[in-house]
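Please read all numbers here as calculations on a predicted model, not as lab measurements. In what follows, chains carry the letters A, B, and so on, assigned in the order in which the sequence lines appear, proteins first and then strands, with residues in each chain numbered from 1.
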There are 2 protein chains.
Amino acid sequence: MSESIISTVDIVLLIIKDDRLCVTLSKRDKEPYANQEALPGGYIHAQDDRDCLDAAVRILQQKTGLLPPYLEQLKTFAGAARDPRGWSISVVYFALVDADLILSATNPGLTIWPVDALRRLPFDHNEIIAAAVDRIRNKSQYSSLPCYLAGETFSLPRLQKIYEACLGETLNKVSFRRKMDELGVLEAVSGQTESAGAHRPAQLYRLKSEFKNQLKLLVRGL
Amino acid sequence: MSESIISTVDIVLLIIKDDRLCVTLSKRDKEPYANQEALPGGYIHAQDDRDCLDAAVRILQQKTGLLPPYLEQLKTFAGAARDPRGWSISVVYFALVDADLILSATNPGLTIWPVDALRRLPFDHNEIIAAAVDRIRNKSQYSSLPCYLAGETFSLPRLQKIYEACLGETLNKVSFRRKMDELGVLEAVSGQTESAGAHRPAQLYRLKSEFKNQLKLLVRGL
DNA sequence: CAAGTTAGTTACATAATGCAACTAACAAAA
DNA sequence: TTTTGTTAGTTGCATTATGTAACTAACTTG
């Protein structure tokens with residue numbers, strides 16, 4: 001039956017760094033693959049965790065100190081071959097967070113890697129990250145998902161760069177702004193602008209409070 | 001750690017019956033909830049199953065005798081409260097199959113229920129089915145997914161009914177046919193028509209062989 | 001062979017999208 | 001103080017996608 005099955009949760013924590021989609025890895029402190037970079041993860045604690053989301057939040061807190069604004073179940077990876085310890089189940093979540101929260105914090109053992117230039121990772125973690133990128137690419141096409149990768153306030157050109165990093169393609173400026181208007185999740189921060197050089201400063205926006213914990217979907221994609 | 005966690009696979013087997021999206025339930029032969037209708041499922045066999053998909057195929061074979069043309073992982077439901085036996089993980093798959101394969105076969109203990117008129121089911125199976133319906137509704141909007149619910153050959157009006165059942169809304173005939181043309185997964189069965197009454201018979205189509213095992217996606221939805 | 005019914009197509013109005021060219025607002029150099 | 005360069009943001013228009021109504025086609029039944 002299931003006595004010998006290892007039950008874990010792993011987390012793909014994604015951020016934008018230098019306009020590129022990046023994944024956060026943490027150095028493993030135990031065998032197998034001790035001292036190697038891998039997705040942050042851990043055992044499910046049947047005593048402490050009420051469900052998988054609980055476990056994901058706990059593990060993320062332990063490994064990164066963060067409670068990210070977006071956390072969604074991605075997929076479950078399981079089988080006999082993926083972990084040297086034996087038959088294992090990993091319920092994988094993916095989290096989106098503003099890069100500054102990671103880069104500014106002192107998180108020992110956390111490293112950031114562009115998702116399109118990863119080296120070979122332990123377990124099936126490359127495959128897992130690829131699945132996360134697929135998911136975010138898909139959802140970015142028709143939702144406010146990438147907004148969770150921006151900070152509290154941001155300009156539309158900045159948000160467009162984030163969408164482009166998620167989608168892996170450049171977008172038309174006019175169409176993008178029309179779609180953001182249609183989405184209706186943003187509100188201008190009155191008077192606030194971002195001056196980033198010798199040119200016209202950009203209006204700053206933030207997520208309307210009612211959308212801080214809820215995705216908004218477009219009827220017809222970007 | 002994870003010694004006490006129960007690991008199972010459950011399957012949401014969906015079909016179209018009387019132009020409605022329906023789920024296939026099977027009578028449980030063991031406790032808990034013995035003799036009640038529930039999603040077909042079973043323990044993962046770490047000895048026999050190489051991975052979860054393996055387990056899903058085995059369980060589906062045992063409970064229904066089918067190898068469905070479409071089988072995808074839906075989501076994992078886990079926690080302390082969902083199963084009276086204790087902390088449990090259920091990796092849920094959803095399967096699509098031509099209704100005739102179930103209705104014609106002699107599958108004792110299998111029953112068919114419209115997904116929008118279900119009674120209260122054991123475990124969290126109502127919630128699981130709702131998640132499956134959400135998924136199929138979403139994917140039907142921009143993919144060839146509902147084709148797996150049709151048989152070998154089918155007319156376009158029939159396929160439109162299937163799409164409508166999946167989406168829960170009626171579609172425009174001209175637009176639907178344009179989109180199916182754009183999808184490009186169908187080929188006319190030359191000379192074959194379906195005569196279903198005192199009116200013009202409909203051209204029959206089938207999935208092109210290269211799409212029997214691969215979803216095709218629309219760039220811009222139905 | 002006329003009537004009824006569904007299959008399938010055509011023509012056209014309306015809406016969505018993409019592109020190019022515009023104006024706006026700033027800093028820095030002249 | 002004016003000019004220049006650069007990015008922000010808007011406008012107008014051509015092109016494409018979509019929805020609707022009205023059409024023709026092909027069958028069965030009376």
Sub-3.5 Å pairs of nitrogen or oxygen atoms, protein against nucleotides 24-30 of chain D:
residue	atom	partner	partner atom	Å
D:dA25	O4'	B:R200	NH1	3.2
D:dA25	N3	B:R200	NH1	3.4
D:dA26	N3	B:R200	N	3.0
D:dC27	O2	B:A198	O	3.4
D:dC27	O2	B:H199	N	3.1

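- The CE-P distance, from A:M180 to D:dT10, rounds to 15 Å in whole Å.
- The backbone N or O of B:L13 sits less than 3.5 Å from a side-chain atom of B:T24, completing a donor-acceptor pair.
- Using a cut-off of 4.0 Å between Lys/Arg side-chain N and Asp/Glu carboxylate O, B:R158 and B:D19 are scored as salt-bridged.
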Practice item. Show the numbers, then the answer: is there a side chain to side chain donor-acceptor pair (under 3.5 Å) between A:T170 and A:E164? Key: CA-CA 5 Å; A:T170 59; A:E164 289 172 343; 5.1 Å; no

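- In this structure, a donor-acceptor pair under 3.5 Å is absent between the side chains of B:Q203 and B:T193.
- A:E152 has no carboxylate O lying under 4.0 Å from a charged side-chain N of A:R206, or vice versa, which leaves the two without a salt bridge.
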What donor-acceptor contacts under 3.5 angstrom involve side-chain atoms of residues 112-132 of chain B, with partners at least two apart or in another chain?
residue	atom	partner	partner atom	Å
B:W113	NE1	B:T111	OG1	3.0
B:D116	OD1	B:R20	NH2	3.0
B:R120	NH1	B:N126	OD1	2.7
B:D124	OD1	B:R82	NE	3.3
B:D124	OD1	B:R82	NH2	3.0
B:D124	OD2	B:R82	NE	2.7
B:H125	ND1	B:L39	N	3.2
B:N126	OD1	B:L121	N	2.7
B:N126	ND2	B:R119	O	3.1

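- Between the CZ atom of B:R177 and the C1' atom of D:dT18 there is a distance of 17 Å, rounded to whole Å.
- The nearest whole Å value for the distance from the NZ atom in A:K161 to the C1' atom in D:dT7 is 11 Å.
- As rounded to whole Å, 11 Å separates atom C1' of C:dT6 from atom CD of B:E194.
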For nucleotides 19-22 of chain D, print each protein N/O atom paired with a nucleotide N/O atom at under 3.5 Å, atom names and distance only.
residue	atom	partner	partner atom	Å
D:dG19	OP2	B:S175	OG	2.9
D:dG19	N7	B:R178	NH2	2.5
D:dG19	O6	B:R178	NH1	3.3

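- A straight line from CG of B:L156 to C1' of C:dT6 spans 13 Å, rounded to a whole angstrom.
- Between the CG atom of B:D181 and the P atom of D:dA17 there is a distance of 13 Å, given to the nearest Å.
- When the side chain to side chain donor-acceptor pair (under 3.5 Å) test is applied to A:K139, the partners found at least two apart in sequence or on another chain are A:E72.
- Near DNA chain C, meaning a heavy atom under 4.0 Å from it, residues 142-153 of chain B has no residue at all.
- With hydrogens and angles ignored, the 3.5 Å screen pairs no side-chain donor or acceptor of A:N138 with any backbone N or O of A:D134.
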Practice item. Mind running side chain to side chain contact (heavy atoms under 4.5 Å, CB included) on B:Y163 and B:L171 for me, showing each step along the way? Key: CA-CA 8 Å; B:Y163 265 87; B:L171 296 171; 3.9 Å; yes

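- The interatomic distance linking A:L204 (CG) with D:dG9 (C1') rounds to 14 Å, in whole Å.
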Side chains of residues 177-184 of chain A: which donor-acceptor partners sit under 3.5 Å, not counting sequence neighbours?
residue	atom	partner	partner atom	Å
A:K179	NZ	A:E182	OE1	3.3
A:K179	NZ	A:G221	O	2.9

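- As rounded to whole Å, 12 Å separates atom C1' of C:dG18 from atom CG of A:L171.
- Annotation for B:K216: atom NZ counts as buried by contact number, over 12 foreign heavy atoms lying within 6.0 Å.
- The phosphate of C:dA16 (OP1 or OP2) has no side-chain N or O of A:K179 nearer than 4.0 angstrom.
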